[in-house]
Colleague: 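Starting off with a structure, shown below.
This one's a predicted model, so the numbers in the text were calculated from it and none came from an experiment. For ligands, and for the atoms within them, numbers begin at 1 and follow the listed sequence.
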Amino acid sequence: EKGGYKHFMLKEIYEQPQVLRDTLREFKTIQKVVDEIGEIKRICFVACGTSYHAALVGKYLFESILHIPTDAIIASEFQYTANTLDEETLAIFITQSGETADTLNALKAANKNSKTLAIVNVIGSTATREADHVIYTRAGPEIAVAATKTYICQLACIYMLAAAIGKKPEIMEDLKKVPEEIEKILREDNFIKEIAKTYKDKPDFLFIGRGFSYPTALEGALKLKEITYIHAEGYASGELKHGPIALIEDGVPVVAIAPPPFPLETTKIEEDEFHDSHSLTLGNIEEVKSRGAKVIGLGAEDDEEFKKNTSAYISFNPSIREEISPLLYIIPLQLLAYHISVMKKEDPDHPRNLAKCVTVD
Ligand code: F6R
């Protein structure tokens, strides 16, 4: 049943190129859903955990590329903040299981005053019956408690929604390049295992990224803490100097995510006011390095300036820029967490205190 893999989690990580291709075939269906929904003035993503990190990527995508006002709300916080939804708002609920109590409660509340759409993996689950519209991720069953392949498929659905709503075929073109790039990264698994071996006994990790890489930093940190029990925090790189830099001392691993930057022409920001995420993150990396941090870098293979400030560097195809990078840059962080978990003799498929589906609020 594990198809020759030692754990379901590893099998599911390796399935990602295929399930992403399967999910990309849903584009026509998504276009139909978008036509049915009609005009959208505002979007509100709602989810928990890893699905919330997909929601956060959605906020960056819809606001920076489509210029549609978009929120990403943690489902358990929904009732305290989402008091201004209306019929011109599309509330999008992202849930692998379709049974998460916090997400379902928020969905029921949103149904009263806005249009609702659910992005779900489990066919026929409660969320699919409650929402006005449904899009399925084609990840297949996910057995390991930690979400991996369903996250990639959720992201793919969000990007396809953006392509359909914004009538931007170039987003689809970018998406189609990703499965092959995931395959290339999976071939670097032994190198990632080496990194895992070097850092597995460290008690704390920081993950940093700006813009589209901020959700990746949060998700990388979540994967690590869930299955290795190492303390890990994900931060927006710019926030380091506002507190967490106090934690940096000799030898602390900092995972820095800095893909080639988002192009200025797609933003509404004036040139002299635009500070690209990449050069600023590089500055933040120098700050932590000079205080003794061991930087594990994730960036383009030709980015010599970044590489020289790192202790380990995971390289990606430079044509995958920031705006599509969340689908690719998370893969080595899933592997890193997996390998550390196995090296620490933990069970990555069944982390303590966690259940696959959280039906209490
Ligand atoms: C993390 C993880 C959880 C879920 C969260 C939401 O690896 O699996 O954080 O993402 O419990 O679950 P769903 O997507 O089923 O609503």
Colleague: Could you pull out the closest heavy-atom pair between A106 and F93, with the gap in Å?
Modeller: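 The answer is C-CE2, 3.6 Å.
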
Colleague: Of the choices V122, T50, T100, L104, which has the non-hydrogen atom that lies closest to atom 9 (O) of ligand 1?
Modeller: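 Checking each option, the heavy atom nearest atom 9 (O) of ligand 1 is found in T50.
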
Colleague: Ligand 1 versus K223, non-hydrogen atoms closer than 4.0 Å: side chain, backbone, both, neither?
Modeller: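 It is the side chain that touches ligand 1; the backbone stays farther off.
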
Colleague: Is there a polar contact between ligand 1 and Q96, counting only N or O atoms under 3.5 Å apart?
Modeller: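 Checking ligand 1 against Q96, an N or O pair does fall under 3.5 Å apart.
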
Colleague: Give me the nearest non-hydrogen protein atom to atom 11 (O) of ligand 1 as residue plus atom name, then the distance to 0.1 Å.
Modeller: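 Scanning the protein heavy atoms, the shortest distance from atom 11 (O) of ligand 1 goes to V358 CG2, 4.3 Å.
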
Colleague: For atom 15 (O) of ligand 1, grab the closest protein heavy atom and report residue, atom and distance to one decimal in Å.
Modeller: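 Heavy-atom neighbour on the protein nearest atom 15 (O) of ligand 1: S97 OG, 2.7 Å.
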
Colleague: Under a 4.0 Å N-O cut-off, is there an ion pair linking E26 with R138?
Modeller: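 Answer for the salt bridge query: yes.
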
Colleague: Residue-level breakdown please: for L354 versus ligand 1, do any non-hydrogen atoms fall below 4.0 Å on the side chain, on the backbone, on both, or on neither?
Modeller: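 For L354, no heavy atom sits under 4.0 Å from ligand 1.
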
Colleague: Would you check if there is a donor-acceptor pair between the side chains of T281 and N284 at a distance under 3.5 Å?
Modeller: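 There is no such pair (donor and acceptor under 3.5 Å, judged by atom type) between the side chains of N284 and T281.
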
Colleague: For atom 5 (C) of ligand 1, grab the closest protein heavy atom and report residue, atom and distance to one decimal in Å.
Modeller: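 Residue, atom and distance for the closest contact: C48 O, 3.6 Å.
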
Colleague: What verdict does the side chain to side chain donor-acceptor pair (under 3.5 Å) test give for E99 and T126, after you've listed the backbone C-alpha separation in whole Å, the side-chain angles of each residue and the deciding distance to 0.1 Å?
Modeller: CA-CA 6 Å; E99 303 294 349; T126 307; 2.5 Å; yes

Colleague: Regarding E173 and K176, does a basic nitrogen lie under 4.0 Å from an acidic carboxylate oxygen?
Modeller: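 Looking at E173 and K176, the cut-off is met.
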
Colleague: Can you find an N/O atom of G98 closer than 3.5 Å to an N/O atom of ligand 1?
Modeller: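 In fact, backbone or side chain, G98 has no N or O that close.
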
Colleague: Salt-bridge test for E304 and K308: reply yes if a basic N is under 4.0 Å from a carboxylate O, no otherwise.
Modeller: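 K308 and E304: not salt-bridged.
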
Colleague: Under 4.0 Å from any heavy atom of V145, which atoms of ligand 1 are there?
Modeller: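 Going through ligand 1 atom by atom, the ones under 4.0 Å from V145 are 8 (O).
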
Colleague: Closer than 4.0 Å to some heavy atom of E226 - which atoms of ligand 1 meet that?
Modeller: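 Listed by number with element: 1 (C), 2 (C), 7 (O).
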
Colleague: Before accepting this row, confirm whether a basic side-chain N of the pair R25/D22 lies closer than 4.0 Å to the acidic partner's carboxylate O.
Modeller: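 Salt bridge present between R25 and D22.
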
